[in-house]
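Heads up: the structure comes next, in structure tokens.
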Protein chains: 2
Amino acid sequence: MATPAPRRLPPDERRRQLVGIGLRMLTERPITEITVDDVAREADISRSLLFNYFPTKRDYHLAVIRAAARRVRRVVLVDGDEGVPVILDRFLAFLERRRDPYLSLLRGVGGADPEVAAINAETRAELVDGVLHALGRDPSTPALRLAVGGWVAMVEDVGLAWAADPAAMPREDVVALLLGALDDLLVRLP
Amino acid sequence: MATPAPRRLPPDERRRQLVGIGLRMLTERPITEITVDDVAREADISRSLLFNYFPTKRDYHLAVIRAAARRVRRVVLVDGDEGVPVILDRFLAFLERRRDPYLSLLRGVGGADPEVAAINAETRAELVDGVLHALGRDPSTPALRLAVGGWVAMVEDVGLAWAADPAAMPREDVVALLLGALDDLLVRLP
DNA sequence: CGCCCTTGTTGAGCAATGCTCAATAACGCG
DNA sequence: CGCGTTATTGAGCATTGCTCAACAAGGGCG
């Protein structure tokens, strides 16, 4: 797959390679179990080199998490002018395709880490912005943001549970339920 | 606080002590950062002894997580005959009181660990059962469980976000929003 | 073409942490 | 008091995160 042992890569490329390895490993295990040794071995590189590019393991993990978060946003919010049904459909499709790494990301994250929390919060906030923009609602209303944030959490939870066993319920029913829930939620807010 | 150095405790008591220390430590850091050394030091005990009671660090963590989950269930579902508003009120109160350890628990958990996932799923399932029982609805309908599960996720998310900054929205409004959302959700299901 | 200087890369080594095992000492029972 | 059970420990090993001085590959300059 990769060439046998291309040594002395330019820094950007090396960095990309290492982050890419982390992303691939996310499909099999939570990020906290991605060890420096594993990545180095996979890249055919010494541990020391990884520390040359990422001062600390946590920094490396942050880079991988940021890359994963960027992927979510790029896939779900393709451009800024789509309706909620399209956004929801893309989000569900993403969860179907990448259920395991998404779970590994959400659950494998060292919790109290403020930077990780910030990345997650930012991703969540962008999703909320996307939904509010699609709805033509004011994105600066705290109550709205709280409610739509809760809705996104519900979408995530229902989506992941449904993706674990898609046969239990037709996809359209899930979509209808979630879209309806959002409608209802908005009716209840000024 | 604790007596200086009570040695040779009976096994049950020792186990309880160690789990208790873990629970207390959960208020300050995610469980993955609770180290064997820390616990042993806090208990004034050698590392070896902890491994006598819990064959592995993971086993110890599981014991702490189980204890925390039991606490959630006991506090939220006091007895089996309460309405949803009472359950919701207790859940929110719990999140207000124990926001940090709850976050540490949710986010600090090594994600792909199947046993941890099982404990979380069970706790979630019991909450869903409690809500469905309070509603007098059939707890064996997959669609219902999916939807109510999503609602619980929303309660968790909104509750935690609101607890982080209670001034942004009156508590009654949060309660009303969440109860209304549940009502709406049920209207949409057969 | 060949020297050299930049810099990508490595290996040896340290500290912390999870874990094992034989040895010890405290408690209870006769 | 003696003795067996067993709670407890200390020494030691492997893994893992991380540091640092040394090496060598590659391009630019003469």
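Order of the sequence lines fixes the chain letters, A, B, ..., with proteins taken first and strands second; residue numbering starts at 1 for each chain. Predicted, not measured: the structure shown is a model, and the values here were computed from it.
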Where the side chain of [X] meets the backbone of [Y], is there a donor-acceptor pair that is under 3.5 Å apart?
{"X": "B:Trp162", "Y": "B:Met169", "value": "yes"}
{"X": "A:His61", "Y": "A:Thr32", "value": "no"}
{"X": "A:His133", "Y": "A:Asp81", "value": "no"}

d([atom1], [X]; [atom2], [N]) in whole Å:
{"X": "B:Arg29", "N": "C:dT17", "atom1": "CZ", "atom2": "C1'", "value": "14 Å"}
{"X": "A:Arg8", "N": "D:dA25", "atom1": "CZ", "atom2": "P", "value": "9 Å"}
{"X": "B:Glu33", "N": "C:dG18", "atom1": "CD", "atom2": "P", "value": "12 Å"}
{"X": "B:Arg58", "N": "C:dC19", "atom1": "CZ", "atom2": "C1'", "value": "15 Å"}
{"X": "B:Arg41", "N": "C:dA16", "atom1": "CZ", "atom2": "P", "value": "10 Å"}
{"X": "B:Phe51", "N": "C:dC19", "atom1": "CZ", "atom2": "C1'", "value": "5 Å"}
{"X": "B:Ile34", "N": "C:dG18", "atom1": "CD1", "atom2": "C1'", "value": "16 Å"}
{"X": "A:Leu49", "N": "D:dT19", "atom1": "CG", "atom2": "P", "value": "14 Å"}

*Looking at C:dG11, does its base get a donor-acceptor pair with the side chain of A:Ser48 below 3.5 Å?*
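Pair found.
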*Tell me, do A:Leu88 and A:Leu92 make a side-chain contact under 4.5 Å, heavy atoms counted?*
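A side-chain contact exists here, since the closest heavy-atom pair is under 4.5 Å.
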*Position toward the 5' end of DNA chain D (nearest nucleotide), B:Ile45 or A:Lys57*: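 Result: B:Ile45.
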Which part of the nucleic acid, if any, lies within reach of [X] when heavy atoms closer than 4.0 Å are counted: base, sugar-phosphate only, or nothing?
{"X": "A:Pro11", "answer": "sugar-phosphate"}
{"X": "B:Tyr60", "answer": "nothing"}
{"X": "A:Phe54", "answer": "nothing"}

*Taking it one step at a time, do A:Ser140 and A:Asp138 satisfy side chain to side chain donor-acceptor pair (under 3.5 Å)?*
CA-CA 6 Å; A:Ser140 65; A:Asp138 176 16; 2.8 Å; yes
*Just to confirm, is there a sub-4.0 Å distance from OP1 or OP2 of C:dT9 to any side-chain nitrogen or oxygen of A:Arg14?*
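Yes, within the criterion.
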*asked:* Of the listed nucleotides (D:dG17, D:dA7, C:dT10), which one gets closest to any side-chain atom of A:Thr35?
replied: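 Nearest to the side-chain atoms of A:Thr35, counting from C-beta on, is D:dG17.
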